[in-house]
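Notes for the one structure printed next.
Just so you know, residue 1 is the first one in the sequence shown, and it goes up from there. Note that the structure is a prediction, hence the values are computed from the model and not measured.
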Amino acid sequence: MVPKIAMIGGGSWATAIVKMLSDNLSEKEIYWWMRNEVAIEHIKKFKHNPHYLSSVELKLATDKISSDINCILKSADFVILNVPAAFLKETLAGVTSEDLKGKKIVSAIKGIVPEDNLIIGEFLHQNYEIPYQDILVVSGPCHAEEVAFEKLSYLTIACTDIETASSFASLLNNRYIKTNVSDDIFGTEYAAVLKNIYAVASGICHGIGYGDNFQAVLISNAIREIKRFVDVVHPINRDIMESAYLGDLLVTAYSQFSRNRTFGNMVGKGYTVKSAQLEMNMVAEGYYAAKCMHIQNLAFGVDMPICKAVHSILYEKRSPQIEMKLLAEKLS
């Protein structure tokens, strides 16, 4: 049976994954939902997304792109959710549990649902009754911009059912994408949320003038924070040095393509949070994650000084210079 895959989202990461799927040699049908009707018509006519990764040629049938989400979902075996976490509830507003029943739901969001303070897997399980064995998580150090250039990249596909993870991974493998599989849906998803906060911290530090030596100390402390948190929230045997955890953290903290680092850099240079958000064309998930993780950690009490410092700067209007100076005294 030919697998049918529905992409939900029209941004750069969604466009990159559509390209991966298209360049994979196995037979499949790709469906694509996005809200923007003008973008849809442009893609149908010119085979390029006009707003994101516009250099990428998109190889899919024009009758399989639509702004009608229920139409796109109807025949899908795999549903890839790829919108900013803050907009997920709005995107799924017309979708019921019955519409998603029996489908494998793939989170490529790398964010946390504001107000609910839930990672995507937990949100889907609680609100749409999706069994955890039908939820997959895409993680790993893989920027959309490098996918556009077909730079060698690695993804980790996590699912409690390894066979399902392997099945979906086989649809993404191609000449420039290599995949690994994992059973750690909670750890990989929380790590993907947290690394955005640390990338904001990295950007703030760069913006106020800290150098590479401090950045190295900051990020080595960040991976220890991730380990402490995920070991408390979901204690299983995992190697935090794998690319789904450490690799994703490193690329998000250091890359020129990291929107979270860019956002933090602007805040460090003196932009207000609002002005930095307005100037950026894309959502920095770390902004929302900083508040959500702060609230979550009130219950767990994990020692997370970097997350606390970022929350203080973004939500309590504390001075980046003062907060990072105080943070520096706590790092090792």
Can any side-chain N or O of [X] pair as donor or acceptor with the backbone N or O of [Y] at less than 3.5 Å?
| X | Y | value |
| --- | --- | --- |
| Ser258 | Ser255 | no |
| Lys19 | Leu53 | no |
| Glu37 | Ser67 | no |
| Asn24 | Met20 | no |
| Asn196 | Lys110 | yes |
| Gln321 | Ile208 | no |
| Trp32 | Val18 | no |
| Tyr315 | Tyr287 | yes |
| His48 | Ser54 | yes |
| Arg261 | Gly203 | no |

From [X] atom [atom1] to [Y] atom [atom2], the distance as rounded to the nearest 0.5 Å:
| X | Y | atom1 | atom2 | value |
| --- | --- | --- | --- | --- |
| Met293 | Ile197 | CE | CD1 | 6.0 Å |
| Ile130 | Ile105 | CD1 | CD1 | 4.5 Å |
| Ile80 | Leu172 | CD1 | CG | 6.5 Å |
| Leu124 | Asp134 | CG | CG | 11.0 Å |
| Phe78 | Ser167 | CZ | OG | 4.0 Å |
| Arg238 | Thr188 | CZ | OG1 | 8.5 Å |

**Asked** Yes or no on side-chain contact (heavy atoms from CB on, under 4.5 Å) for Val106 and Leu81, after CA distance, side-chain angles and deciding distance?
**Response** CA-CA 6 Å; Val106 184; Leu81 299 176; over 6 Å; no

Checking side-chain polar atoms at under 3.5 Å, does [X] have a donor or acceptor matched by the opposite partner on [Y]?
| X | Y | answer |
| --- | --- | --- |
| Thr262 | Asn265 | no |
| Asn49 | Thr15 | yes |
| Ser139 | Glu189 | no |
| Thr252 | Lys195 | yes |

**Ile17 and Met7: CA distance, side-chain angles, deciding distance, side-chain contact (heavy atoms from CB on, under 4.5 Å) verdict** = CA-CA 8 Å; Ile17 294 181; Met7 170 60 71; 3.5 Å; yes

Heavy atoms only: give me the nearest [X]-[Y] pair and the separation to one decimal.
| X | Y | answer |
| --- | --- | --- |
| Val232 | Phe300 | CG1-CD2, 3.9 Å |
| Leu314 | Ala290 | CD1-CB, 4.2 Å |
| Val113 | Cys292 | O-SG, 4.2 Å |
| Gln133 | Lys104 | O-NZ, 4.5 Å |
| Ser182 | Ala165 | O-CB, 4.5 Å |
| Ser153 | Cys142 | CB-SG, 3.6 Å |

**Request:** Can you establish whether the number of heavy atoms outside Asp239 located under 6.0 Å from its atom CG is more than 12?
**Result:** yes

**Request:** May I ask you to check whether over 12 heavy atoms, not counting those of Lys103, lie within 6.0 Å of atom NZ?
**Result:** yes

**Prompt:** Run the side-chain contact (heavy atoms from CB on, under 4.5 Å) check on His311 and Glu316 step by step: do they pass?
**Reply:** CA-CA 7 Å; His311 178 268; Glu316 298 172 8; 3.4 Å; yes

**Message:** Tell me if the centroids of the rings in Tyr288 and Phe87 come within less than 6.0 Å of each other.
**Reply:** no

**Check: Lys178 and Tyr176 side chains under 4.5 Å, non-hydrogen atoms** = no

**Asked** Just wondering, do Glu90 and Val83 contact through their side chains at under 4.5 Å, heavy atoms?
**Response** no

**Message:** Test side-chain contact (heavy atoms from CB on, under 4.5 Å) on Gln126 and Asp116; report intermediate values, then the result.
**Reply:** CA-CA 11 Å; Gln126 291 185 23; Asp116 296 66; over 6 Å; no

**Message:** With side-chain hydrogen bond (donor to acceptor under 3.5 Å, both in side chains) as the criterion, how do Glu145 and Ser12 come out once you've worked through the C-alpha distance, each side chain's angles and the decisive distance to 0.1 Å?
**Reply:** CA-CA 8 Å; Glu145 292 81 0; Ser12 58; 4.8 Å; no

